[in-house]
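First the proteins, then the strands, lettered A, B, ... as listed; each starts at 1.
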2 protein chains.
Amino acid sequence: MTTEPLSRARIVTAAIDLIEREGADAVSMRRIAAELGVGVMSLYNHVPNKDALLNGVAEAVLSEIEFTDDPDDDWTDRVRTQARAFRQIAHHYPRCTMLVVSRQLSSAAGLLPVERALATLRSAGFDGPDAVRMVRLFIAFIVGSLLREVGVTPTFAPVHHRHLAGAEAVDPALFPEVSALAPLLGACDHDAEFEFGVELLIQAITVLHARKEGTH
Amino acid sequence: MTTEPLSRARIVTAAIDLIEREGADAVSMRRIAAELGVGVMSLYNHVPNKDALLNGVAEAVLSEIEFTDDPDDDWTDRVRTQARAFRQIAHHYPRCTMLVVSRQLSSAAGLLPVERALATLRSAGFDGPDAVRMVRLFIAFIVGSLLREVGVTPTFAPVHHRHLAGAEAVDPALFPEVSALAPLLGACDHDAEFEFGVELLIQAITVLHARKEGTH
DNA sequence: GGCTGGCACGTACACCGTACGTACGTCAAT
DNA sequence: ATTGACGTACGTACGGTGTACGTGCCAGCC
C-alpha cells in the first residue's frame with residue numbers, strides 16, 4: 001500500500017470522477033479529500049483553493065480533446081472533424097460540461113482548439129478578421145448545443161412527462177405552435193441537431209467565402 | 001412604514017437586485033432576508049428552497065423579454081427582432097444571464113420565445129420539423145453568444161492584459177495563429193459579432209428555404 | 001369564546017471553505 | 001553528527017451556508 005504521493009493531477013482527476021459520479025453539487029474539499037483518503041488541508045498544498053481546483057478540472061477536460069483532422073483534407077471536412085472533437089467532451093464528461101463552458105479560464109488550456117480552428121480557416125483562404133468571426137460563431141453554436149445536450153438548456157419538451165392525459169396543462173390555445181409541435185419538441189436527436197447545425201454553418205460560410213473570392 | 005407583505009415576487013426581485021449589484025455568489029438566504037429586512041426563515045413561507053428561488057429569478061428575467069416584432073414584417077426581420085429581444089436580457093441583467101441559461105426550467109416561462117419563433121418560421125413556410133430545428137439552432141447560437149458576452153466564455157484574448165512587453169509569454173511558436181491574430185482576439189465587438197451571426201444564420205436558412213421550395 | 005390556519009421568526013444542526021498552527025520527513029550545510 | 005530549513009500531511013477552529021423544527025402571533029370563522 002504505497003499510496004502514491006498526492007499531487008495536483010491526482011486531486012483534479014478525483015474531482016472529475018466525483019463530478020461524473022455524483023454531479024457538480026457533490027464537490028467539496030472534504031469530499032474529495034475523503035475520496036483520496038487524505039486530510040482536507042493536505043489538498044491545499046497542491047491547490048490554492050477550490051476555485052482554482054475547478055479551473056483545473058475545466059482545463060483537464062478541455063485538454064483531453066483529441067483533434068484528429070487531417071491537414072490534407074478539405075477545409076470543410078477539417079472543420080467538421082474539429083467541431084465533433086469539441087463535442088466529444090459532452091459525451092466523455094457530461095456532468096463536467098457545464099463547468100467547462102461556465103468557467104472563464106485565463107490559462108492557455110483552451111487555446112489549442114482556437115489555434116487549430118484559426119489555422120484551418122486561414123488555410124482555407126479567410127483573412128484574419130473573418131477567421132476570428134467564424135471561430136467565435138462556431139464556438140457560440142457549439143457551446144449552446146452542448147448546454148442543450150447536457151440538459152441545462154431545455155429541449156423544450158413542454159412538461160414532457162405529463163403523458164397521462166393526451167392534452168397538456170401548460171399549452172392551451174396560448175401556445176398553439178408549441179402544443180402542435182409538442183411531439184417534435186419533446187424528442188431531440190442531439191447527433192442530428194448538431195450535424196445539421198454544423199452543415200448549415202459550413203454551407204453559410206462557404207457562400208461567404210465564394211462571395212469574397214468573387215469580389216476581391 | 002407599512003412594510004408591504006412579503007411575497008414570492010418581492011423575494012425574487014430582491015434576489016435579482018442583489019445579483020446585479022454584487023454578483024451571483026453574494027446570494028444567500030440570509031443575505032436576501034437582510035436585504036428585505038425580514039427573518040431568514042420567513043422566506044420559506046413563500047419559496048420552498050433556494051434552488052426554487054433561483055429558478056424564480058431565471059423565470060422572472062426570461063419573462064421580461066419584450067417581443068416587439070411586427071407580424072406584417074418580412075419573416076427575416078421578425079427573426080432579427082426576436083433574436084435581439086432575447087439578447088436584451090444580457091444587457092438588462094448581465095449578472096443574471098449565466099443563471100438564466102444554466103438552469104433548466106421545466107416551467108412555461110421559457111415557452112413564449114419558442115412559441116413566437118415557431119410561429120414566425122411556420123408562417124414563413126417552414127414545416128414543423130424544420131421550424132423546430134431552426135429554433136434549436138438559433139437558441140444554441142444565442143445562448144453561446146450570451147455566455148461569451150457575459151464573460152464566462154472567453155473572447156480568447158490570450159492573457160490579454162499582459163501588454164507590458166509586446167510579446168506574450170503564452171503564445172510562442174506553439175500558437176502561431178493565435179499570437180498573430182492576438183489583437184483581433186483581444187477585442188470583441190459583441191454587437192457586431194451577434195449581428196454577423198444572426199445575418200449568417202438567416203442567410204443560410206433562406207437558401208435552405210429556397211431549395212425546399214424548388215424541390216417540392 | 002374558542003379553534004384553525006397562515007405567516008414571521010429563533011434556534012439548532014450538519015456541512016462548507018479555509019486561515020492557522022503543528023508535526024514529521026528529507027536534504028544541506030555546518 | 002548536529003542543526004537548520006523546507007515541503008508535505010494534517011487537526012482544529014472560525015465564520016459562513018441551507019434548512020428542519022418549534023414557537024408565537026394574529027385574522028377569520030364557528
* **Between A/R116 and A/T120: side-chain donor-acceptor atoms closer than 3.5 Å** =>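 On atom types as modelled, these side chains do not qualify, holding no pair under 3.5 Å.
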If I take atom [atom1] in residue [X] and atom [atom2] in nucleotide [N], what distance separates them, rounded to the nearest angstrom?
{"X": "B/L43", "N": "D/dT17", "atom1": "CG", "atom2": "P", "answer": "13 Å"}
{"X": "B/M41", "N": "D/dG18", "atom1": "CE", "atom2": "P", "answer": "11 Å"}
{"X": "B/D51", "N": "D/dT19", "atom1": "CG", "atom2": "P", "answer": "8 Å"}
{"X": "B/R31", "N": "D/dG18", "atom1": "CZ", "atom2": "P", "answer": "12 Å"}
{"X": "B/N55", "N": "D/dG18", "atom1": "CG", "atom2": "P", "answer": "15 Å"}
{"X": "B/K50", "N": "D/dT17", "atom1": "NZ", "atom2": "P", "answer": "9 Å"}
{"X": "B/I32", "N": "D/dG18", "atom1": "CD1", "atom2": "C1'", "answer": "12 Å"}

* Any donor and acceptor pair, going by atom type alone, linking the side chain of B/E115 with main-chain N or O of A/E177 inside 3.5 Å? -> yes
* If you find the nucleotide of DNA chain D closest to A/N45 and the one closest to A/R30, which residue's nucleotide is nearer the 5' end? ->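 Its nearest nucleotide being more 5', the pick is A/N45.
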* To do: Mind telling me whether B/F141 and B/F194 have parallel, tilted or perpendicular rings, with 30° and 60° as the class edges?
  =>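 If you compare the ring of B/F194 with that of B/F141, the planes turn out parallel.
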* Specify the residue among B/H46 and A/N49 whose closest nucleotide of DNA chain C lies further upstream toward the 5′ end. => B/H46
* **Test: A/E22 and A/R95 ion pair at under 4.0 Å** => no
* **Stepwise salt bridge (Lys or Arg N to Asp or Glu O under 4.0 Å) test for B/D25 and B/R31** => CA-CA 11 Å; B/D25 287 350; B/R31 188 68 205 288; over 6 Å; no
* Which nucleotide span of DNA chain C, 5' end to 3' end, has atoms closer than 4.0 Å to non-hydrogen atoms of chain A? ->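 Both ends considered, the range comes out as C/dC16 to C/dC20.
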* To do: Would you please test A/Y44 and A/M29 for side chain to side chain contact (heavy atoms under 4.5 Å, CB included) and show each step?
  => CA-CA 9 Å; A/Y44 287 89; A/M29 298 307 266; 3.5 Å; yes
* If you look at every strand shown and take non-hydrogen atoms under 4.0 Å, does B/V38 touch a base, only sugar-phosphate, or nothing? -> sugar-phosphate
